[in-house]
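The analysis underlying the following values was restricted to heavy atoms, covering all of them including side chains, and did not include hydrogens, waters or symmetry mates. Quick caveat, the model's predicted, so the values are computed rather than measured.
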Amino acid sequence: MNERATFGAELRRLRRAAGLSLTGLADRVHYSKGYLSKVETGLTTPNPALAALCEAELDAPGALTALLPREPARRRTRPDVRASGLPPATGDFTGRTPELQAVRDALEAENGVCVISGMGGVGKTALAVRCAHRLEAVFADGCLFVDLRGHGETPVDPAALHDRLLRVLGVPAERIPADPDDRAALYRSRLRGRSLLLVLDNAADAAQVRPLLPAEPKCRVLVTSRSRLSALDEARHVSLDVLPAGAAAALFTALTGADAADAARVADRCGRLPLAVRIAAARLRAHPAWDVAELDRRLAVEADRLGELDDGERSLSAAFRLSARQLSDAEARLFGLLSLHPGHDLDVRAASALAGLAPRETDRLLDRLHDAYLVTQPAADRYGFHDLLRAFAVETGEAALEPEERQAAFRQLAAFAVRDAERADRLLAPQRYRPVVTYPGGLPEPGPLDGVAWFRAEWPNLVALCRRAGELGEHERCWQLAFFLRGYFFLAKLWDEWIATHRWARAAAEAAGDRWALATTTANLGIALIDRGDLDGASECYREALREYRAIGDRHGESTALAHHAWTDHYRGEHQAALRDFGTALEFYVQTGSRRNAAITERGIALVRVALGEAAEAAELAAATLSVFDELGLDLDAVLALNCLGWARFHTGELDLAAAAYREAAARAEACESDHEAARAYTGLGNVAAARGAASEAAGYWAQADENHPGLDPVVVGETRVRPA
């Protein structure tokens, strides 16, 4: 058997053992399927580059290179500087298949310069070294690896690097020019005609990299940096994120042998950051008395996590400090202040409120932090933190900022959030009664606001701010945030968040000694409980709110609490008691000219009359409230009135009129983004179809209802009580 056949047969054996087709191997090594077929059948001569790539992909180091046909020795006309300066590839490398491909594509492009950037500890160097090992054989003159120490105390000067690289390229020390420009010119000339891969690790900025870029088109450059180096126009950029969940867990398993579930939990604690995962694994190996549960317990406390991710030689905090070292004083201050925001992300205006700066200046500083991978950018004008970087930012802020400055910054942020929440709430329910709220000076100017869209983006942050405000003693802002969130929570039916914020707000109002806020928050908590079907909890809230309102002489609050309590009586089947309380509240609203509250109360009375068998009267009353809501521009209240009207017409047997009301309710509910009321309307349409004997049509409407809002509560949504199982 000749040498070519031996190489081809071994390649075929290795490929099949790896479960790869010719097409699969071609995709990995970037040679054509036809060429690989000829190599395997001995019809073409393999080359060292192909051997090295196949060995890397098939995990068979040296197996194919040893079978290459010997070439006759050639006399080189220039010094042989085939460098072998790469550090060892990282063991247990997992994931990164798309990124490896992106780097390869970048190095094969015309310019041949690739920048791998990412936060500290994300695995930039490991990726670059792995890719370089796979591609090294392609370059006739080998590979040079240089640590630029860009984020250390003294980044390497390009002129000093020229001296060092020229020596590696075979230039005697006495022939290296002293002038930096002459040295750079000689460096470029010595690379002419060479095929070399240059790996520049840990670059500080584009200015450090640019003098090292060769003019020779056969050379390629791979750069890593904690900054994006966007000023390198000639480069292709690969931004490295944390590992996917499966790859992060696989890395921990490979390092420790932990089972998949334990590994996934620890990897999540480590933010799926490769360095953090490796440190956690090292700590587990260093403590034979520990098991994974003990390691997980130590990592569970967020405030202690950074301290735990230190194995004596590697420290995540130290890695992050290298990134923060490059910040200016203004950037470092903003970085510390951002950690005061307890939510997942924030926009530029919220950051401006925290920093006490103009939005334009804040945007510039945020852009710099983003360039340094110290903040994330989930959307065009929004910024956030990786979990572990947030913990580092907290440490930074506590060390660099006085407590008074942090307290003042949070106070401004809370005031800003309350102001915008009030503005958005006014767009949702313009006629709703609101207390007078005052705001300090220095807040960013109000910007354009879409009520529902704004709440949809911000409500998780507002919930987190509400809780933190209570914890920090900002009691007034705590209950105000809950108050202005209530309208959106009613629309979106976010019951758990509604209940949580209002419980924090009750404690805050009580701590502040504000009895009106306590009564109102308690009443609003009752609405959430009754909306979820907890009638006993709602009744208790309404009784407490009534006591508080009566104690402070608030007739409006007392009437509202009575009207709310009437709903619990109605849902319990105590319809006469419900009519009594509704009637008392209605009398007050009419006397004071509160048309919205009066119409809402009459809508409740209409539903009670349906339950009492007075559906025709209920339909007339519901239609009258619909006119009021339309006149006042209250879209969601109008949808509720239409569903009430459909329910009444269904009980009078006027199925065409019931269907018309429900169809209009469904359309208008979707327009104002109320999935709950749309589901109620579709349930009603299904009931109408079922009453007509159209079973298939009914099933379609009910399926639509379940898609919009599954699990409508039959206690509070009458339509579900007549829907067949």
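Taking the side chain as every heavy atom from C-beta outward, V452 and F455 never approach each other to under 4.5 Å. Using a 4.5 Å heavy-atom threshold, the side chains of T521 and N524 count as separate.
Listed by first and then second residue, the salt bridge (Lys or Arg N to Asp or Glu O under 4.0 Å) pairs that reach into residues 319-341 are E153-R325, E331-R368, R333-E405, sequence neighbours excluded. Legend: ring-ring contact (aromatic ring centres under 6.0 Å, His included) pairs involving residues 360-386, not counting sequence neighbours, sorted by first then second residue: F335-F385. Sorted by first and then second residue, the salt bridge (Lys or Arg N to Asp or Glu O under 4.0 Å) pairs with a member in residues 471-486 read R411-E474, R467-E471, R468-E471; sequence neighbours excluded.
For the pair R432 and F483, the cation-pi criterion (under 6.0 Å, within 45° of the ring axis) is fulfilled.
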When you look at E664 and R668, which way does the salt bridge (charged side-chain N to carboxylate O under 4.0 Å, His left out) test go after all the steps? CA-CA 6 Å; E664 185 177 354; R668 292 175 68 169; 3.0 Å; yes

Quick one: do R269 and D296 satisfy salt bridge (charged side-chain N to carboxylate O under 4.0 Å, His left out)? Show the steps, please. CA-CA 8 Å; R269 302 277 196 216; D296 183 59; 2.9 Å; yes

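Atoms OG and CD, on S225 and Q208 in that order, are 8.5 Å from each other to the nearest 0.5 Å. Distance check, rounded to the nearest 0.5 Å: CG of D268 to CZ of R272 gives 6.5 Å. The SG atom of C541 lies 8.5 Å from the CG atom of D534; values are rounded to the nearest 0.5 Å.
We find that K493 and D531 are joined by a salt bridge, their nearest charged nitrogen and carboxylate oxygen being less than 4.0 Å apart. Taking the charged nitrogens against the carboxylate oxygens, R532 and D496 do have a contact shorter than 4.0 Å, which makes a salt bridge. Remark: R680 engages E677 in a salt bridge, criterion side-chain N to carboxylate O under 4.0 Å. Residues R506 and E544 are paired through a salt bridge, judged by an N-O separation under 4.0 Å between the basic side chain and the carboxylate. With salt bridges taken as basic N to acidic carboxylate O contacts below 4.0 Å, none links R210 and D233. R596 has no carboxylate O lying under 4.0 Å from a charged side-chain N of E631, or vice versa, which leaves the two without a salt bridge. Using a cut-off of 4.0 Å between Lys/Arg side-chain N and Asp/Glu carboxylate O, R423 and D420 are scored as salt-bridged. For the pair E361 and R364, the salt-bridge criterion is met [side-chain N within less than 4.0 Å of a carboxylate O].
For the 3.5 Å distance criterion, the side chains of Q326 and S227 qualify, holding a donor opposite an acceptor. There is a side-chain donor-acceptor pair under 3.5 Å between E422 and Y439. Side-chain contact, N202 with H151: a donor N or O sits under 3.5 Å from an acceptor N or O. Side-chain polar atoms of T560 and Y549 form no donor-acceptor pair below 3.5 angstrom.
Side-chain N or O atoms of Q407 include none that pairs as donor or acceptor with a backbone N or O of F410 at under 3.5 Å. A donor-acceptor pair is defined here as one N or O able to donate and one able to accept, closer than 3.5 Å; no such pair exists between the side chain of R278 and the backbone of L273. Distance alone, capped at 3.5 Å, places no donor-acceptor pair between the R305 side chain and the C270 backbone. Checking side-chain atoms of S339 against main-chain N and O of G336 turns up a donor-acceptor pair under 3.5 Å.
For A249, the side-chain contact (heavy atoms from CB on, under 4.5 Å) criterion is met by A263, A264, not counting sequence neighbours. Every side-chain hydrogen bond (donor to acceptor under 3.5 Å, both in side chains) that T362 has, sequence neighbours left out, goes to S352. For R434, the salt bridge (Lys or Arg N to Asp or Glu O under 4.0 Å) criterion is met by D425, not counting sequence neighbours.
By the 30° and 60° cut-offs, the orientation of the rings of F489 relative to W459 is perpendicular.
Considering all non-hydrogen atoms of both residues, S317 and F392 come closest at O-CE1, 3.9 Å.
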